[in-house]
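Since the structure comes first, as structure tokens, the remarks are kept for the end.
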Amino acid sequence: MKKDIKSLNFNILELLATWFYSGKSPKAPGTCGSLATLPFVYCLAYFYGIYAVIIFAILISLAGIPIAGKYAEALKIKDPGQIVIDEVAGQTIALIFAGTNLYLFVIGFALFRLFDISKPWLVGWADSKLSGGLGIMLDDIFAGIFAGIIVYLAGYYIL
């Protein structure tokens, strides 16, 4: 019985760490994880508003630290590409001020991926200096914050 519980726990951990297996994509798992986040965040914004998106961003960011850390530890890899819960957190943060504006969603998606891949300033620092679940999560959270600031400004001044 104990083996079944461990197996179930690992399956739930894998489901969340890979964001419903979107991170298992053989090509661009981070982008797939970000794309898989978009409809979820859109529905949250549409049905429940900005506060639901903020709450989800906080919860997924906090929960992602132990989830990413334990899954990486189970795989014995420092930062496995299939872990995309960090992309979910960062992408959600980037879209907090997008509401249901599809133009802002596209901007938020593109900017988040740009910052996540290019790793400017704090994003690169967190990626290179931190380890474990916090290291996996924090660079994407910073990328999401940077993208989110620009999404906010674009929404306020342009769209």
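One hydrophobic cluster, built from ILVMFWY side chains closer than 4.5 Å, cannot hold both V106 and Y156; they sit in different ones. Linking Ile, Leu, Val, Met, Phe, Trp and Tyr whenever their side-chain heavy atoms come within less than 4.5 Å puts V88 and I67 in one cluster. A chain of hydrophobic side-chain contacts below 4.5 Å, direct or via other Ile, Leu, Val, Met, Phe, Trp or Tyr residues, connects V84 to M137. Put simply, L130 and L122 are part of the same group of oily side chains (I, L, V, M, F, W, Y) that touch within less than 4.5 Å, one to the next. Under the 4.5 Å side-chain contact rule for hydrophobic residues, I50 and I93 share a cluster.
In this structure, V151 and L104 approach most closely via the heavy-atom pair O-CD2, 3.8 Å. When all heavy atoms of T92 and A57 are compared, the pair lying nearest together is CG2-CB, 3.7 Å. Across all non-hydrogen atoms, the minimal contact from I136 to A72 is CD1-CB, 3.9 Å. Closest non-hydrogen pair, S61 versus A89, comes out as OG-CB, 3.5 Å. When all heavy atoms of A36 and P39 are compared, the closest pair comes out as O-CD, 3.7 Å. Between I85 and G64, the shortest heavy-atom contact is CD1-CA, 3.8 Å.
Here SG of C32 is found 11.0 Å from NZ of K27. Values are rounded to the nearest 0.5 Å. Expressed to the nearest 0.5 Å, how far CD1 of I117 lies from OG1 of T31 amounts to 5.0 Å. The CG atom of D86 lies 10.5 Å from the CD1 atom of I60; values are rounded to the nearest 0.5 Å. The distance from the CZ atom of F40 to the CZ atom of F56 is 4.5 Å, given to the nearest 0.5 Å. With rounding to the nearest 0.5 angstrom, the CG atom of L138 is 7.5 Å from the CD1 atom of I65. Taking CD1 from I55 and CD1 from I96, the interatomic distance works out to 11.0 Å, rounded to the nearest 0.5 Å.
Within the 4.5 Å cutoff, no side-chain heavy atoms of I83 are placed close to those of T18. The closest side-chain heavy-atom distance from N9 to L13 is not below 4.5 Å. Between Q82 and L75 there is a side-chain heavy-atom pair separated by less than 4.5 Å. At a threshold of 4.5 Å between non-hydrogen side-chain atoms, the residues S34 and R113 count as touching. Put simply, the side chain of L38 reaches to within 4.5 Å of the side chain of L95, judged on heavy atoms. The shortest distance between side-chain heavy atoms of F146 and I150 does not fall below 4.5 Å. E87 places none of its side-chain heavy atoms less than 4.5 Å from the side chain of T37.
Judged by distance alone, the side chain of D127 and the main-chain N or O of V123 form no donor-acceptor pair under 3.5 Å. Listed for the S22 side chain is a donor-acceptor partner under 3.5 Å among the backbone atoms of W19.
Judged as a ring-ring contact (aromatic ring centres under 6.0 Å, His included), the pairs with a partner in residues 82-109 (not counting sequence neighbours) are, in order, Y42-F105, F97-Y152.
Residues passing the ring-ring contact (aromatic ring centres under 6.0 Å, His included) test with Y71, sequence neighbours excluded: F10. Contacts of I149 classified as side chain to side chain contact (heavy atoms under 4.5 Å, CB included), with partners at least two apart in sequence or in another chain: I145, L153.
Under a cut-off of 6.0 angstrom, the local environment of OH in Y48 is sparse, with at most 12 non-hydrogen atoms contributed by other residues, nucleotides or ligands. A 6.0 Å sphere centred on NZ of K70 holds no more than 12 heavy atoms belonging to other residues, nucleotides or ligands.
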